[in-house]
Amino acid sequence: MARGKGKLAGAPKKGSKKKVDDDASKTSDKKSLSPEEKAARAIEAAKGARLGQPVPDMYPDIIATYATNAKKMHDNAKQVLVDNLSVLYHGFPLVQETQLVLSYGNRYGLVAANGSGKTTLLRAIASGIIPRPKNIDVYTVERGMDKTDMTALEAVLEVDQEKKELETAAERLTEEMADENLTDEEQTALSDALSDVYERLDELDADTAEKRAASILDGLGFTPEMQQKKTKDFSGGWLMRIALAKALYLNPTFLILDEPTNHLDMAAVVWFEQYLKTFNKILLLVSHSQDFLNGVCTNIIFLRNKKLEYYGGNYDAYVKTRKEKETMQMKKYEWEQAQIADMKNYIARFGHGSAKLAKQAQSKEKTLEKMVRSGLTEKVVEDKAVALKFYECGKLPPPVLQLQEVGFAYPNCELLYSGIDRGLDCDSRVCLVGPNGAGKSTLLKLLMGELIPTEGMVRRHHHLKIAAYQQHTVDQLPFDKSPIEFMHEKFPKDLITGEVNNVNKIRSMVGRFGITGTAQTMKISQLSDGQRSRICFAMIAESRPHIIFLDEPTNALDPETIDALADAINNFEGGVCVVSHDIRLISQVAEEIWLCDEGTVSTFPGTIEDFKKELERQVAESGSANNSGSKLKGDGSRKASAAAKVAAPPPKPAATISVAQGGSTKPKSSAPAETPKGFEGMTAVRKGGDGDTLAPLKSEDKSAAKSSLQRMLDGQEM
């Protein structure tokens, strides 16, 4: 919906009644649209909008009111300043009568609890629903690059429309500078603005433009071969990276980023952090990573109680300053309350006493009224703590899950890795790190049984139950249902007692994960990504697994929920394997770090802080995140040569939240072979005859495999 104006915004002049009536009519028309009509209009607007530059009609359910007169904003101002700002989403107020201030040269981090409206506020700013000066061009990464025949490098360099706009801006500024009535200060401001425009035009036309674009893509994880790959051949995550690269290449006056590190590996995050440190215009970003906010931001905006609070410094400075501020506020509140209590007590005791005492009581009553009129200090309300918990599952004796000499290749591709010998049990706290495309998520799917190894064997305890949170888990939720409806369909009965779960039990399931109040009955489509993630965690908890696999679980969580997730992992009696680039989460939970790179999986000899320091050293030396020399980086693995093609099974369809039910998969045999020492209670599986299912080994193969394993074990014991 197009932006609205508050009651204080520019009083209409004489003869302007028709225009005001027309605006009111348009607003009324949009409010009266059905949800289907709104969705259709938003889709149509999105098709017509340019990448990175959304328009108001893309968000028909966002309404903003404000006191600032957009028409009177100075065209060449270098600050976004909007007074008495209120933002509503689906009629629900997210921000009320607050001030938005974004100054040139500052890098802002917007922080708030999940569901507070961070993404909605960014959309309202980027689309122009909230006004800004005309000379401040905005670019945001709302969606990935379109699939076309252009290569990744060509897509970044394609800037014809941006150049036209800059040339138009240069002409306008030149004409304004010709005005002889301008003051020296105005002339200087116009001259500086014109210099900035010409500088950006030079960057887009320079002989070094291609080199600069290639450098940005390289930093975001694109090898030279990938830069020449057509965008239509990339997956969604990589298309988002190309859009991010284009945003950095264009170098806009105002850059807006919502969770920009979600599609990056740790090396790319380190490079990206170093790059943004040099951004000297206006940056506004939302990120779940405290480490990233610390490295990039010069200011923090805290959205609380529908107000925007501003703090100088990075995230750690914000936490410290906020704590000091709230301590002082609480002391002042307690002093005021003590004063009020004393005055009320005095008035009650002596208000009807002697003339002298009554006069003093009246004086205190006037003092009390004056305090109330001037405004009393509010009591500090502690942030609502989120306590996540994964239920007890009962321990299984080790070994629980084993990869033995495992190798894997996607169809017609080279081996992603080979010779992998790794294991998990109910005490494991493993974090998997490595470059994108090296096979971290693939390894998880092999452990979970969603993919079948090309080589080797996967052995798992036949009572093992697993659950997983994967990168696109939230996209698989039924957006037309409420959290309560979804959970009731998923868990109609208690898995332990078999009793029917009533509404109160279902409410408590999601309530324990921070989905409370109206959020329990809202459609999942109206919840934030962080709230949807919590629904998925609630489902994992209710499935009561022995091992939990988490693939980038922090992407949409606020810092407090990340800490709560870390506590839940540490208190869980089962095993956990995590793929994450979030330093804070890894530092709190990881007891072992597996490095997946260059065709193998090895144990990193140090902490995650040591790993990041090594990456920072490599980035500083090479200026790139692509410095491991791994041939496996990229969108999946490399295609095999004609002489070395690997016949690999197609991957099974990914069930984004998978819960492996208990039950043995042992083949029926009248005389089962003896199980080797150390593998009691485990079941051997390998690729089945149909190429895409787990099947028990045949008895003769099983005997041969067990004999081979026994010889291996005997050799290890010698």
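Residues: numbered from 1 along the sequence shown. Reckoned from all heavy atoms, side chains included, excluding hydrogens, waters and symmetry mates.
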From [X] atom [atom1] to [Y] atom [atom2], the distance as rounded to the nearest 0.5 Å:
X	Y	atom1	atom2	value
Ile524	Phe479	CD1	CZ	7.5 Å
Thr442	Leu447	OG1	CG	11.0 Å
Leu527	Thr518	CG	OG1	9.0 Å
Phe549	Ile466	CZ	CD1	5.5 Å
Leu396	Ile547	CG	CD1	8.0 Å
Thr607	Ile593	OG1	CD1	6.5 Å

Counterpart residues, side-chain contact (heavy atoms from CB on, under 4.5 Å), relative to [X] (two or more places apart):
X	value
Asn262	Glu259, His288, Asn555
Thr516	Lys384
Ala566	Leu585, Gln588, Val589
Leu94	Tyr89, Phe92, Thr120

Side chains of residues 386-394: which donor-acceptor partners sit under 3.5 Å, not counting sequence neighbours?
from: Tyr391; atom 1: OH; to: Arg512; atom 2: NE; distance (Å): 2.6
from: Tyr391; atom 1: OH; to: Arg512; atom 2: NH2; distance (Å): 2.3
from: Tyr391; atom 1: OH; to: Glu542; atom 2: OE2; distance (Å): 3.3

>> Tell me whether Asp494 is salt-bridged to Lys505, with the criterion being a basic N under 4.0 Å from an acidic carboxylate O.
In response: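 Yes, charged N to carboxylate O under 4.0 Å.
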> Got a salt bridge between Arg534 and Asp558, using NZ or NE/NH1/NH2 to carboxylate O under 4.0 Å?
Replying inline: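 Salt bridge: yes.
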> Relative to each other, are the rings of Phe408 and Tyr410 parallel, tilted or perpendicular (30° and 60° limits)?
Replying inline: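 Phe408 vs Tyr410 ring planes: perpendicular.
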Results of ring-ring contact (aromatic ring centres under 6.0 Å, His included) for [X] - residues two or more places apart only:
X	result
Phe537	Tyr469
Phe604	Phe611
His546	none

Does the side chain of [Y] come within less than 4.5 Å of [X]'s, by heavy atoms?
X	Y	result
His581	Asp265	no
Leu446	Ile420	no
Ile583	Met266	yes
Glu405	Pro453	no
Val111	Pro559	no
Thr554	Ser580	yes
Asp551	Thr473	no
Lys490	Met509	no

>> I'd like to check the salt bridge (Lys or Arg N to Asp or Glu O under 4.0 Å) partners of Asp291; sequence neighbours left out, ordered by chain and number.
In response: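 Per chain and number, Asp291 pairs via salt bridge (Lys or Arg N to Asp or Glu O under 4.0 Å) with Lys612.
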Keeping to residues at least two apart or across chains, list the salt bridge (charged side-chain N to carboxylate O under 4.0 Å, His left out) pairs with something in [range].
range	value
residues 479-489	Lys481-Glu489
residues 561-577	Asp563-Arg584
residues 427-436	Lys395-Asp427

Minimum heavy-atom separation for [X] and [Y], please, with both atom names.
X	Y	result
Asp421	Gln404	OD1-CA, 3.3 Å
Ser482	Gln520	CB-O, 3.6 Å
Ala541	Phe513	CB-CZ, 3.6 Å
Ile242	Met145	CG2-CE, 3.7 Å
Gly423	Ser428	O-OG, 4.5 Å
Ile62	Ala124	CG2-CB, 4.0 Å

>> For a side chain to side chain contact (heavy atoms under 4.5 Å, CB included) check, start with the C-alpha distance between Leu443 and Val406, then their side-chain angles and the critical distance, and finish with the verdict.
In response: CA-CA 10 Å; Leu443 185 64; Val406 165; over 6 Å; no
>> Take a 6.0 Å sphere around CG of Asn502 and say whether it holds more than 12 heavy atoms from other residues, nucleotides or ligands.
In response: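 Yes - once you tally the heavy atoms of other residues, nucleotides and ligands closer than 6.0 Å, there are more than 12.
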>> Just checking Lys147: does its NZ atom have more than 12 heavy atoms from other residues, nucleotides or ligands closer to it than 6.0 angstrom?
In response: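 Atom NZ in Lys147 is packed in, count exceeds 12.
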So does [Y] get a backbone contact from the side chain of [X], meaning a donor-acceptor N/O pair under 3.5 Å?
X	Y	result
Lys118	Ala112	yes
Arg123	Tyr59	no
Asn114	Ala556	yes
Thr261	Leu264	no
Lys440	Gly434	yes
Ser287	Leu293	no

>> Do Thr119 and Asp258 pair up side chain to side chain, a donor and an acceptor below 3.5 Å, judged on atom types alone?
In response: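 Side-chain D/A pair, Thr119 to Asp258: present.
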> Hey, mind stepping through Leu284 and Ile125 against side chain to side chain contact (heavy atoms under 4.5 Å, CB included) and telling me if it holds?
Replying inline: CA-CA 10 Å; Leu284 177 61; Ile125 296 172; 3.8 Å; yes
> Hey, mind stepping through Arg532 and Asp529 against side chain to side chain contact (heavy atoms under 4.5 Å, CB included) and telling me if it holds?
Replying inline: CA-CA 5 Å; Arg532 294 170 192 164; Asp529 285 341; 3.0 Å; yes
> Taking it one step at a time, do Met448 and Gln470 satisfy side chain to side chain contact (heavy atoms under 4.5 Å, CB included)?
Replying inline: CA-CA 12 Å; Met448 292 186 292; Gln470 299 188 44; 3.5 Å; yes
